[in-house]
K.L.:
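Sending over a structure as structure tokens; questions will come in a sec.
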Amino acid sequence: MTTEGIEEHLSVYRLLPSMSDFQLLHLDDQVVELMRWQRAGSAGPYPARFTAEWAGDPRWPKSEFPTGDASSPVLSRRIADLLWDDLEKAGRLLPVRIKNADDGYLLYLVERVVDCLDTERSSVPDRIGRIRESVFRADAVPADVPAFRPTAFPTAVCWNGWAARLLSGLLGDQLECRLVWSEDPGPVPHPDPWGF
């Protein structure tokens, strides 16, 4: 897979697992350490080991995009292998050890942090830093990578539209794509893209 399909109009999405009948992963407390690293400017060592456990009806299939935490997307090994070259342009893939299971899942540690949010035109962050209405500066959005983190909201992994469409095509009903912003004034952003 490559970035050859970069879109004519830039758009930014939040990706999360759908609420369909799939098992999801619950990550351990290392996610809190990861968010501290993200907030501190991604300097110094980051957590490199993550553990998780499956939740949901064991009869349900396991999601290949099994976490909804905006700071720490997790992908199945199959999906990561298909997109590896593109994913590595913005970060690294770290193994997730799953309790009582031998599943191949990887946490996508997005290291690309970009000052591309128009803070004058975006809404004020809430008490935990989420920005409900985001306006990006099109000339600063890194369209050549699948995902990035804005400096004004460093715990949020934002996905470029071409990557969101690619993942949606691979994952189907396992994935929810919430529009955060579009350069095209036609599409309406999700009313609360970072909420649950």
Side-chain angles (χ1 to χ4, degrees), residues 1-20 22 24 38 42 63-94 104-119 121-122 130-195:
M1 301 285 175
T2 66
T3 57
E4 290 176 15
I6 291 177
E7 59 200 334
E8 183 177 325
H9 292 288
L10 297 174
S11 56
V12 174
Y13 287 82
R14 181 212 178 164
L15 302 183
L16 60 165
S18 71
M19 291 296 127
S20 299
F22 290 97
L24 302 178
Q38 291 169 329
S42 304
S63 175
E64 291 191 87
F65 194 95
T67 58
D69 192 320
S71 67
S72 48
V74 173
L75 303 164
S76 70
R77 169 68 71 173
R78 180 185 80 87
I79 297 298
D81 285 346
L82 289 170
L83 305 175
W84 198 278
D85 291 341
D86 282 332
L87 293 171
E88 282 197 319
K89 292 177 184 175
R92 62 188 73 219
L93 294 150
L94 303 172
Y105 281 79
L106 300 162
L107 182 136
Y108 185 33
L109 177 73
V110 176
E111 297 172 292
R112 184 81 174 266
V113 183
V114 184
D115 183 11
C116 58
L117 194 67
D118 185 335
T119 55
R121 296 172 55 209
S122 297
R130 294 178 302 197
I131 299 173
R132 190 176 194 134
E133 295 175 36
S134 300
V135 177
F136 289 87
R137 295 188 330 272
D139 63 325
V141 171
D144 62 325
V145 295
F148 62 92
R149 295 184 294 119
T151 55
F153 190 9
T155 59
V157 172
C158 296
W159 295 83
N160 275 308
W162 64 266
R165 282 190 295 283
L166 188 59
L167 281 162
S168 184
L170 292 169
L171 295 168
D173 67 348
Q174 295 183 52
L175 188 69
E176 180 182 344
C177 299
R178 292 184 181 177
L179 181 64
V180 174
W181 169 84
S182 178
E183 184 180 32
D184 181 349
V188 177
H190 190 281
D192 189 14
W194 303 105

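Every heavy atom of this structure was used, including side-chain atoms; hydrogens, water molecules and symmetry mates were not.
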K.L.:
Using atom types as modelled and distance alone, determine if a side-chain donor or acceptor of Ser42 lies under 3.5 Å from a backbone N or O of Glu111.
P.N.:
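Checked: no pair found.
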
K.L.:
Does the distance from a Lys or Arg side-chain N to an Asp or Glu carboxylate O, for Asp81 and Arg77, drop under 4.0 Å?
P.N.:
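The answer is yes: the pair qualifies as a salt bridge.
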
K.L.:
Sequence neighbours excluded, which residues qualify as ring-ring contact (aromatic ring centres under 6.0 Å, His included) partners of Phe65?
P.N.:
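Partners of Phe65 under the ring-ring contact (aromatic ring centres under 6.0 Å, His included) test: none.
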
K.L.:
Checking Arg112 side chain against Ala147 main chain: does a donor-acceptor pair fall under 3.5 Å?
P.N.:
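No, Arg112 side chain to Ala147 backbone: no donor-acceptor pair under 3.5 Å.
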
K.L.:
If you count heavy atoms of other groups shown closer than 6.0 angstrom to CZ of Arg137, is the number above 12?
P.N.:
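For Arg137, atom CZ is crowded (more than 12 foreign heavy atoms under 6.0 Å).
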
K.L.:
Can a donor-acceptor pair be found, under 3.5 Å and without considering hydrogens, that links the side chain of Arg130 to the backbone of Asp192?
P.N.:
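No.
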
K.L.:
For Glu64, is there any backbone N or O sitting under 3.5 Å from a side-chain donor or acceptor partner on Gln174?
P.N.:
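The answer is yes, because a donor-acceptor pair under 3.5 Å joins these two groups.
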
K.L.:
Give a yes or no on whether the backbone of Leu117 and the side-chain of Trp181 come within a donor-acceptor separation of less than 3.5 Å.
P.N.:
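No; zero donor-acceptor contacts below 3.5 Å.
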
K.L.:
Taking the side chain from Arg149 and the backbone from Val110, do they hold a donor-acceptor pair closer than 3.5 Å?
P.N.:
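Yes, because the side chain of Arg149 sits within donor-acceptor range (under 3.5 Å) of the backbone of Val110.
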
K.L.:
Give a yes or no on whether the backbone of Ser122 and the side-chain of Ser134 come within a donor-acceptor separation of less than 3.5 Å.
P.N.:
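No: the side chain of Ser134 does not pair with the backbone of Ser122.
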
K.L.:
Test your reading of the model: is there a side-chain donor-acceptor pair from Arg14 to the backbone of Gly195, 3.5 Å cut-off?
P.N.:
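Yes, Arg14 side chain to Gly195 backbone: donor-acceptor pair under 3.5 Å.
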
K.L.:
Would you confirm whether Asn160, through its side chain, and Val145, through its main-chain N or O, come within 3.5 Å as a donor-acceptor pair?
P.N.:
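Judged by distance alone, yes, a pair lies under 3.5 Å.
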
K.L.:
Does the side chain of Trp162 reach to within under 4.5 Å of the side chain of Pro146, using non-hydrogen atoms?
P.N.:
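Yes, their side chains come closer than 4.5 Å.
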
K.L.:
Spell out, as yes or no, whether a donor-acceptor pair under 3.5 Å connects the side chain of Ser168 to the backbone of Ala164.
P.N.:
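No; zero donor-acceptor contacts below 3.5 Å.
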
K.L.:
Once ring-ring contact (aromatic ring centres under 6.0 Å, His included) is applied, do any residues pair with Phe22, and if so which ones, sequence neighbours excluded?
P.N.:
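Testing Phe22 for ring-ring contact (aromatic ring centres under 6.0 Å, His included), a comparison that skips the adjacent residues, returns none.
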
